[in-house]
Number of protein chains: 2
Amino acid sequence: MTRAPQKRRLETRARLLEVAAAIVQEQGYSGLRVEDVVARAGVAKGTLFSHFKDKDGLLAVLIGDEVMRLLDGMEARGAPQDAAELTARLAPHLDYVGQDRVIFDLLLRYSGTTAAEPDEVVTAGFIRQVTLLTRWLQVLQTAGQIRQDQPPELLAEGIQAFLNHVLGVWFCMEHDDETPPGRALAPYLQAWLQPAG
Amino acid sequence: MTRAPQKRRLETRARLLEVAAAIVQEQGYSGLRVEDVVARAGVAKGTLFSHFKDKDGLLAVLIGDEVMRLLDGMEARGAPQDAAELTARLAPHLDYVGQDRVIFDLLLRYSGTTAAEPDEVVTAGFIRQVTLLTRWLQVLQTAGQIRQDQPPELLAEGIQAFLNHVLGVWFCMEHDDETPPGRALAPYLQAWLQPAG
DNA sequence: AATCAAAAATGACCACGGTCAATTACAAAA
DNA sequence: TTTTGTAATTGACCGTGGTCATTTTTGATT
């Protein structure tokens with residue numbers, strides 16, 4: 001049985017996250033240096049790694065929080081009426097992840113955790129995303145808006161696959177104009193969700 | 001106009017690749033250290049980085065070669081007769097990439113390069129993969145085996161998306177049994193290629 | 001208050017990828 | 001052969017993530 005953490009430890013953890021979030025705000029995710037975080041937080045480097053498994057563990061909390069916020073926004077707008085509207089609902093997610101390769105890489109590293117231990121924020125975020133999508137798809141299915149020959153869970157995971165695909169392509173070109181990830185997603189989802197014969 | 005490289009340079013490059021391949025053979029991709037490569041090749045570290053942009057650049061050649069070999073195998077077996085057979089054709093690719101996260105990460109980093117400069121082996125591999133898939137899908141379409149309402153290019157890229165999705169999930173669980181990537185792919189492709197209404 | 005075991009924090013140290021001004025080897029021109 | 005410009009290579013050095021034996025802090029117990 002593990003003891004409850006002391007107050008000092010919680011404060012330190014909070015300070016680390018606070019400082020890290022500030023640095024991300026100023027320099028972006030890719031500008032985050034562990035040394036900068038500990039320096040501004042006034043702790044030793046080892047302390048950070050006793051709070052988070054590694055740099056990714058820290059990032060996972062920051063990014064997981066943001067993903068949760070995005071999901072709040074998605075849920076607030078209610079279920080979409082058709083496939084096109086669903087696609088539009090995903091735009092904020094694409095915008096967020098598309099802003100920095102670091103986010104994409106990290107999410108991908110956790111992306112299959114839909115079933116495992118939900119102790120991490122990111123994992124919880126994924127579960128929530130797939131759950132929400134599944135619910136929406138179920139609604140669209142009963143409304144006859146999309147194909148009904150596949151379980152909504154499969155359709156939901158397929159959507160995640162296309163999200164990552166579009167983002168992967170996005171990060172490969174140097175962002176010189178080119179179709180933004182939002183536009184690129186539409187044809188895939190259209191073909192994926194279209195009623196089957 | 002850049003001069004042709006001298007013989008010595010070509011030899012050095014060949015030696016680096018040879019040594020790197022040997023180390024991968026012995027320790028796997030994730031066991032590859034730049035220092036080991038240069039030590040065994042008998043050159044200085046800087047030399048390696050004058051031949052390859054970074055460690056990924058070296059890996060890209062090794063992995064690109066292997067991908068090309070896999071594609072040779074795929075092409076040799078000819079076009080599949082139906083969707084299920086197509087899925088089976090992809091198994092070697094899944095097995096290869098699924099063996100080490102390093103391969104997956106690297107391929108993903110280059111995965112969107114379907115259109116850009118094909119100077120890299122990996123990029124060429126991707127183009128070749130999508131081309132081959134497109135050709136096969138076209139055949140299946142005219143044979144009436146799969147949906148005909150979408151261009152074969154889109155279907156091909158969708159398949160790539162599902163390949164990566166399945167692999168991403170695969171790397172998230174600790175490989176303790178669980179459905180191997182090969183099995184996991186089938187339901188997605190079935191749903192993706194099924195004739196539409 | 002004094003004692004003590006567990007929790008928390010420390011910072012010197014390491015591993016590894018990557019850089020670049022300086023050096024050496026080469027091949028063409030004089 | 002000697003000179004000379006450039007291709008090729010060198011290795012000391014750096015940035016950054018991560019480790020761990022040691023030290024400090026904390027709060028319960030006597």
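Residue numbering restarts at 1 for every chain, and letters A, B, ... go by the order of the sequence lines. The basis for the numbers below is simple: all heavy atoms, side chains too, and nothing from hydrogens, waters or symmetry mates.
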query = Quick one: K53(A) NZ to dC20(D) P, roughly how many Å, whole number?
reply = 13 Å
Length of the line joining K7(B):NZ and dA7(D):P, which is rounded to integer Å = 18 Å
key: Taking every non-hydrogen atom, the tightest pair across Q145(A) and Q81(A)   = CG-O, 3.4 Å
Would you classify [X] as touching base, sugar-phosphate or nothing, given that sugar-phosphate means primed atoms plus P, OP1 and OP2, and contacts are heavy atoms under 4.0 Å?
X	answer
L48(A)	nothing
S50(A)	nothing
L32(B)	sugar-phosphate
K45(A)	base

task = Just compare dG11(D), dA8(D), dT10(C) and give me whichever is closest to any side-chain atom of A44(A).
result = dT10(C)
note = The nucleotide from dT16(D), dG17(C), dA8(C) with an atom nearest the side chain of R8(A) is dA8(C)
inquiry  = Can you confirm if the NZ or CZ of R147(A) lies within 45° of the ring axis of W192(A) and under 6.0 Å from the centre of its six-membered ring?
reply    = yes
Taking only side-chain nitrogens and oxygens of [X], does any of them come within less than 4.0 Å of OP1 or OP2 of [N]?
X	N	answer
H51(A)	dA9(C)	yes
R9(B)	dA7(D)	no
T47(A)	dT10(C)	yes

query = Centres of the Y110(B) and F126(B) rings: under 6.0 Å?
reply = no
